[in-house]
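This is a predicted model, so every value here is computed, not measured. For reference, positions follow the sequence shown, starting with 1.
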Amino acid sequence: MNDTVTKIVQALGGEDNIEKAGNCITRLRVIVNDDRHISADTLEQIDGVMGVVHDRDNTLEIVVGPGKAKVFADELHEAGIGIRVHKSFSDNTKKENKRSIRDFLKIIGDIFVPMIPGIITAGLCAGFASLLAQVYPDYEKNSVWNIVYSVLTLVSTSFMTYITAWTGYRAAERFGATPILGGMLGMITSLDGINTIAGVFGLYNEKTPLNSVLCAGKGGVLAVIFGAFLLSVVEKRLRKHLPTSLDFILTPFVSLLICLLPYILLVMPVFGYISSGIAWGIGEICSSESMTVRLIGGYIASALFLPLVTTGMHHGLVGLYAIQLEEIGYITLYPVLAMAGAGQVGAALAIRRKAKHAGNEKLCHITSGALPAGFLGVGEPLIYGVTLPLGKPFITAGLGAGFGGAFVMAMQVASTTWGPSGLIGVFVMTAGPNGFVKNALSYLGGLLISYIGGYILTAFTIKEKDLLPEGTDTPEITHEDTFTFSGSPDGLTAPADGRIIKMEDIPDEVFANGTLGKCCGIMPDNGRIYAPCSGTIVTLADTGHAFAIEKESGENILVHIGIDTVSLNGDGFTLLAREGDEVTAGQCVIEADLAAIQKAGLSPIVITVCIDS
């Protein structure tokens with residue numbers, strides 16, 4: 001195992017404490033035997049770990065980024081760690097009955113997460129097939145394009161036709177039933193024989209099958225999930241009473257027969273109405289004739305999505321996507337929620353710019369590394385590595401994303417699947433009444449709006465002093481305060497109001513290395529720059545970005561405003577004194593336009609240097 005995985009194992013309490021390990025795209029999912037053996041602080045400090053979600057007892061999601069999650073899980077499995085079946089998967093009925101809503105939604109996520117690669121593959125194929133049909137309507141006349149279309153359609157249909165079977169298999173596995181029985185239950189749900197049974201009981205409407213109390217496919221994935229749960233309860237009880245010698249043959253057979261008729265006649269109709277009601281509710285908002293309703297609904301959904309992600313409650317949404325896909329053939333909710341990640345990108349861009357000005361190279365590096373994934377729709381590196389630890393940017397990212405979500409819902413963008421988001425999500429935005437071109441342009445427009453919204457709100461909310469390097473000595477100081485640092489003479493006052501920056505943390509090697517002399521920086525709160533001592537101005541740059549004062553003792557004190565601000569050629573600097581003037585400590589010498597400096601992409605840090613030290 002590599003060093004990072006080894007440290008994760010140690011922080012989780014060792015190999016014996018890890019009961020089960022798996023992964024999704026960005027997270028290593030772990031179930032442990034005992035929470036008390038976990039060192040949460042150590043786990044979060046491991047290099048490569050972006051965040052930890054401890055969403056319920058004994059279960060953790062360790063955010064490590066795309067690609068790494070699977071590699072880490074594979075390394076654990078190769079070492080024989082985390083491959084045992086956890087008790088909660090097979091004998092936990094009483095505990096399940098006590099779970100909260102969040103835990104229930106997490107169960108839904110557990111069922112669908114392993115299906116995501118298939119969901120994405122089928123959705124992309126459906127999207128490309130739809131795009132081909134729209135761009136080249138006569139594709140059937142061309143043998144090559146006809147084959148391409150047929151192959152794409154086969155892949156997408158293979159998933160959608162049997163989505164209840166895949167769901168049943170996973171749900172049975174999750175609840176501790178025999179997985180293949182759950183798959184069979186799911187497949188039975190979609191077979192025409194259901195219509196025959198419905199007709200016998202007078203529950204089938206031959207003129208309008210979709211209006212039937214019971215018909216093939218009724219209840220969809222929700223019915224199958226509940227059916228798999230019932231199957232698990234029956235199986236567990238039978239195993240307690242049947243002899244071991246008969247268990248292998250009789251338990252599966254009897255369990256399925258006991259569950260089947262109640263499932264068909266009760267569970268499917270009830271969950272059919274529930275599914276239709278949920279799809280109707282989502283449709284009433286996403287496809288409302290009222291533009292106001294769509295705008296408000298889109299804003300709220302996008303703005304609140306990321307808090308759901310951090311608490312683990314977003315897992316339940318995949319059930320809603322599946323319901324929409326089954327009921328109407330496309331998804332209108334997912335494109336709206338995909339905007340949340342774009343808000344994170346906008347916020348991260350603002351943070352990176354301000355972190356660079358503040359000299360926080362570590363934060364710049366983390367942000368730069370996470371941004372490519374963010375543009376491609378993988379938001380966890382930005383969430384857990386950048387915005388969430390800082391606090392305010394996490395909120396402003398969501399609020400900024402809301403504007404993009406409002407736009408996307410207003411334009412009624414629809415997708416063929418869920419999973420791909422960010423820039424690559426455009427390839428599945430081919431469904432619904434709009435057609436690919438309008439869908440794609442509206443989706444890209446929503447991303448752009450979310451980028452801008454997240455950027456502007458974050459830029460206006462967070463200050464550079466909030467992004468100073470970790471460990472930087474950052475006491476507040478005013479121009480009337482005594483200003484001392486290593487090598488400074490007595491009698492200096494601060495040349496600006498703001499926060500002190502240590503010499504080694506100044507974002508310029510010449511100053512940080514003390515090449516010109518001992519120095520110290522101040523991240524200014526305003527643009528008024530003062531004389532740090534009494535004396536004569538012996539040097540005043542024509543560009544206004546620096547001046548030097550000679551004290552009566554002969555010591556020279558240089559005040560330099562910003563990094564590389566000489567490139568502004570005096571723009572943004574107003575001189576209130578001239579070379580040769582006598583000044584007193586605390587006298588305002590220059591007024592600098594901090595906004596203009598920052599707009600130019602430069603740091604406004606004010607540096608005081610003892611030239612003769």
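A 4.5 Å side-chain heavy-atom check between I62 and F72 finds every atom pair outside the cut-off. At least one side-chain heavy atom of V148 sits under 4.5 Å from a side-chain heavy atom of L152. For the pair Y443/M339, a side-chain contact is recorded, criterion being any heavy-atom separation below 4.5 Å from C-beta on. When side chains are defined from C-beta on, T367 counts as touching L363, because their heavy atoms get closer than 4.5 Å. Using a 4.5 Å heavy-atom cutoff, the side chains of D47 and T4 are not in contact. Residues I111 and V221 form no side-chain contact, since every pair of their non-hydrogen atoms from C-beta on lies 4.5 Å or further apart. The shortest side-chain heavy-atom distance between E15 and V9 falls under the 4.5 Å cut-off. Counting heavy atoms from C-beta outward, L457 and F403 have side chains that approach closer than 4.5 Å.
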Original post:
Can you check side-chain hydrogen bond (donor to acceptor under 3.5 Å, both in side chains) on T164 and S190, steps first, answer last?
Top reply: CA-CA 7 Å; T164 51; S190 302; 3.1 Å; yes
Subject >> Intermediate values then yes/no, side chain to side chain contact (heavy atoms under 4.5 Å, CB included), F175 and I225 >> reply: CA-CA 9 Å; F175 292 125; I225 291 171; 4.1 Å; yes
Subject >> Worked verdict on S39 versus Q10 for side chain to side chain contact (heavy atoms under 4.5 Å, CB included) >> reply: CA-CA 8 Å; S39 177; Q10 293 171 349; over 6 Å; no
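Between the CD1 atom in I366 and the CZ atom in R352 there is a gap of 12.5 Å [rounded to 0.5 Å]. Taken to the nearest 0.5 Å, the CD1 atom of I501 stands 8.0 Å off from the CD1 atom of I506. Distance CG/L12 to CG/D35: 10.0 Å, rounded to 0.5 Å. Summarising the geometry, atom CZ belonging to F407 is positioned 5.0 Å from atom OG belonging to S442; distances are rounded to the nearest 0.5 Å. Here the straight-line distance linking atom CE of M429 with atom OG of S421 works out to 8.0 Å at 0.5 Å rounding. Note that NZ of K356 is 8.5 Å distant from CG of L602, once rounded to the nearest 0.5 Å.
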Result block: side-chain N/O donor-acceptor pairs under 3.5 angstrom for residues 388-400, not counting sequence neighbours:
{"from": "T396", "atom 1": "OG1", "to": "K392", "atom 2": "O", "distance (Å)": "3.3"}
{"from": "T396", "atom 1": "OG1", "to": "P393", "atom 2": "O", "distance (Å)": "3.1"}
{"from": "T396", "atom 1": "OG1", "to": "T458", "atom 2": "OG1", "distance (Å)": "2.7"}

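Between V30 and the choices I18, I8, T59, the side-chain contact (heavy atoms from CB on, under 4.5 Å) rule is met once, by I18.
Shortest non-hydrogen contact noted between V155 and C125 is CG1-SG, 3.6 Å. Taking each heavy atom of I449 and G404 in turn, the nearest pair found is CG2-N, 3.6 Å. Of all non-hydrogen atoms in E75 and N2, the two that sit nearest each other are OE1-N, 2.9 Å. Listed here is the closest heavy atom pair of A340 and F305: CB-CD2, 3.7 Å. Taking each heavy atom of A355 and L467 in turn, the nearest pair found is N-CD1, 3.6 Å. The two residues I605 and P507 have their closest heavy-atom pair at CD1-CD, 4.2 Å.
More than 12 heavy atoms of other residues, nucleotides or ligands shown are found within 6.0 angstrom of CG on D138. The 12-atom threshold is exceeded at CG of N142, counting heavy atoms of other residues, nucleotides or ligands nearer than 6.0 Å. Enclosure of atom NE2 in H365 is not indicated, since only 12 or fewer non-hydrogen atoms of other residues, nucleotides or ligands lie within 6.0 angstrom.
With S450 contributing its side chain and G343 its backbone, the two residues share no donor-acceptor pair below 3.5 Å. A donor-acceptor contact shorter than 3.5 Å links the side chain of S302 to the backbone of V336. The backbone N or O of I462 sits less than 3.5 Å from a side-chain atom of K354, completing a donor-acceptor pair.
With ring centers used as reference points, Y451 lies under 6.0 Å from F375.
With sequence neighbours excluded, no residue forms a side chain to side chain donor-acceptor pair (under 3.5 Å) with S158.
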